[in-house]
Amino acid sequence: NELIKQEKALRMQQLEELISQQKQENQRLKEETLRNRIETENKVFAEKIATAQQTKEEKVEIKTLLAETKLLSRKEALEQKEVIRKQQEETRRKVEQLKIARLHMAQDDYERRLREEMEAKTAKEKEIEQLAALEMELIDRLRTKQIEQQKAFQQLEAVLTLGSSSPGKGSPIKASTAKPVLAEPEEEDVARAFSVYDREGTGEIATEDISGLMRDLNVPLNAAQLSQAIAQLDASSTGKVSFG
């Protein structure tokens, strides 16, 4: 029995020791758990503080950013307003320049048209003066032509008179035996007959056509009369006779 008691006492002692160790272990675990919880709480608290600080800083940063953005927007708005104002001023300046340019163009156009009208008037006056001078020249030429025609007709009339009043070849000059005097052709008849031989319309015929011309005018000439007529009509011996 003593041995059993001893063994029982030993077991009890071991059990107490085991319980004591277990208590110590439990206490250690409890302390460690508490320490871990405290550390975790401290860590969470520190994180909360850090988060709060970060949030505060972010709020400050956001506020600053908003203020800067607002200032930037206001600056951009002012700059845009300044740009718009400059654009408006530039537009007004261009409009004014365009108006001035149009006024200058209108003035230049008016001066050009006025100059052209003056030049046209001057040219017209010169043309009128030239036409007046040409008219006077034509009048002078016409007068000269009329004088030449009159002179030529007088010469031709003298020839016609010669042919119509002279006795025939070989006939004695007696009043009782003289041929009757032929009527002198009119100027229109002479001009018409002359134009037949004036094929080129130069107002001249060859001296060899005078005989045919006189025959057409019913004023035939003998050789002596023809020579006399050519000498009168072609005094310069050009081989041409003019009429008008």
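From a predicted model like this one, the values you see are computed outputs, not experimental measurements.
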Checklist entry - Looking just at side-chain N and O atoms, do Q54 and E58 make a donor-acceptor pair shorter than 3.5 Å? => result yes

Checklist entry - Any sub-3.5 Å donor-acceptor pair from N42's side-chain atoms to I38's backbone N or O? => result yes

Checklist entry - Just how far is it from atom CD of Q228 to atom CD of Q225, taken to the nearest 0.5 Å? => result 7.5 Å

Pair up each side-chain donor or acceptor in residues 5-14 with any protein partner under 3.5 Å, not counting sequence neighbours, and list the distances.
{"from": "E7", "atom 1": "OE2", "to": "R11", "atom 2": "NH2", "distance (Å)": "2.8"}

Next on the checklist: With a 4.0 Å cut-off on N to O distance, would you call D108 and R112 a salt bridge?
Outcome noted: no

Checklist entry - If you count the non-hydrogen atoms of other residues, nucleotides and ligands that lie under 6.0 Å from CZ in R102, is the total more than 12? => result no

What pairs of donor and acceptor atoms, side-chain ones from residues 27-34 against any protein atom, are under 3.5 angstrom apart with sequence neighbours left out?
{"from": "Q27", "atom 1": "NE2", "to": "E31", "atom 2": "OE2", "distance (Å)": "3.3"}
{"from": "R28", "atom 1": "NE", "to": "E25", "atom 2": "OE1", "distance (Å)": "3.3"}
{"from": "R28", "atom 1": "NH1", "to": "E32", "atom 2": "OE1", "distance (Å)": "3.2"}
{"from": "R28", "atom 1": "NH2", "to": "E25", "atom 2": "OE1", "distance (Å)": "3.3"}
{"from": "R28", "atom 1": "NH2", "to": "E25", "atom 2": "OE2", "distance (Å)": "2.1"}
{"from": "T33", "atom 1": "OG1", "to": "L29", "atom 2": "O", "distance (Å)": "2.7"}

Checklist entry - Is R85 paired with E89 through a side-chain N to carboxylate O contact shorter than 4.0 Å? => result yes

Checklist entry - If we only count heavy atoms from C-beta on, is the Q97 to I100 side-chain gap below 4.5 Å? => result no

Checklist entry - Can T40 and N36 be counted as having a side-chain donor-acceptor contact under 3.5 angstrom? => result no

Item to check | Heavy-atom pair with the smallest gap, counting every atom of L217 and D189 | outcome: CD2-O, 3.8 Å

Next on the checklist: Here's a test for you: under side-chain contact (heavy atoms from CB on, under 4.5 Å), which of R215, E208, M214 qualifies with S211?
Outcome noted: R215

Checklist entry - V83 and L72: same hydrophobic cluster, using ILVMFWY side-chain contacts below 4.5 Å? => result no

Checklist entry - Would you say E47 has more than 12 foreign heavy atoms packed within less than 6.0 Å of its CD? => result yes

